[in-house]
Amino acid sequence: MKYISVICEGQAEATFVKRILVPYFALRDKILIPWTVLTKLDKKHGKMYKGGMSNFEKARSTITKALANVKNGHIFVTTMFDFYKLPQDTPGMDKIGTISDPYRQILLLEKEIQAFEKVSPYVYLPYIQLHEFESLIFADLDKITQKYFESDYDISPLKEALKEVKNPELINDGESTAPSKRILACIPDYDKIGGGISILEKIGIAKLQKECKHFSDWIYKLEQL
């Protein structure tokens, strides 16, 4: 049995791991354990605040704790961070400015994030989601209507955006054109966990892998551990 800690940017990613990836990998003798980035610790009131990264150092505190548990060949660590609004102090961010291909950008970032911890690339496999969590929903937009069947939402702008780039992972990351922003413009009551996760459950891993190359590569790497 292999154990894989998944350091998640927020609650939506952690829920995605619990509800979609955990059952998938359980059938492959792998136990995935989601960790949500600890962003603030209130010692006075005994509270911990998780989710969201204003700087990469906050993520590192969670990453290093997970890596401290890697003591044999059966424990591994990966990440699930959005490329959209990735903190500027993230290792490698200062090197991607001259690279135009988003795939090459995130491959460089993943390599730099991995190297920053000075541990084996075999046990630590960072993953950056192009461009954000909601990109995965574009793998099968018709599943949105199954979730919101009681509402007469027009999702044609989403289909047009996908038709233009022909790749869910290349829906761009502007303030108003990031995948989540586009979805909210069409579905005002959309929320990541209540809506997003349910839609992705309907889409399924196989379809996500077919339509999202970088996501598929990540799943394959974890399967090979």
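Along the sequence shown, the residues carry numbers beginning at 1.
- Taking each heavy atom of Y148 and Y190 in turn, the nearest pair found is OH-CA, 3.4 Å.
- Side-chain contact annotation: S135 with E169, donor-acceptor N/O pair under 3.5 Å absent.
- In summary, K181 and E175 do not engage in a salt bridge, as defined by a charged side-chain N under 4.0 Å from a carboxylate O.
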Would Y122 and F76 satisfy ring pair (Phe, Tyr, Trp, His ring centres under 6.0 Å), going step by step from the backbone distance to the final call?
CA-CA 8 Å; Y122 175 68; F76 307 86; 5.3 Å; yes
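- A donor-acceptor pair under 3.5 Å links the side-chain atoms of Q105 to the main chain of I99, judged by distance alone.
- Cation-pi geometry between R28 and Y24 is met: under 6.0 angstrom from the ring centre, within 45 degrees of the axis.
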After noting the C-alpha distance and the side-chain angles of Y103 and N167, does the key distance pass the side-chain hydrogen bond (donor to acceptor under 3.5 Å, both in side chains) rule?
CA-CA 12 Å; Y103 284 104; N167 183 342; 2.9 Å; yes
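- When atom types are taken as modelled, the side chain of R182 and the backbone of T177 share a donor-acceptor pair closer than 3.5 angstrom.
- A donor and an acceptor atom, one from each side chain of Y84 and Q129, are nowhere located under 3.5 Å apart.
- Side chain of S180 to backbone of E134: no donor-acceptor contact under 3.5 angstrom is found.
- F133 and V22 fall within the same hydrophobic cluster, where Ile, Leu, Val, Met, Phe, Trp and Tyr residues are linked whenever their side-chain heavy atoms come under 4.5 Å apart, directly or through other members.
- Side chain of T90 to backbone of L86: no donor-acceptor contact under 3.5 angstrom is found.
- A side-chain donor from one of S5 and W35 sits under 3.5 Å from a side-chain acceptor of the other.
- Minimum interatomic distance between K18 and P34 (heavy atoms only, all atoms of both residues): CG-CG, 3.6 Å.
- Remark: D94 pairs with no residue by the side chain to side chain donor-acceptor pair (under 3.5 Å) rule, at least two apart or across chains.
- Closest heavy-atom contact between E57 and D89: N-OD2, 3.6 Å.
- Here the side chains of I7 and T78 are not in contact, with every heavy-atom distance at 4.5 Å or above.
- Between the CG atom of L158 and the CD1 atom of I183 there is a distance of 6.0 Å, given to the nearest 0.5 Å.
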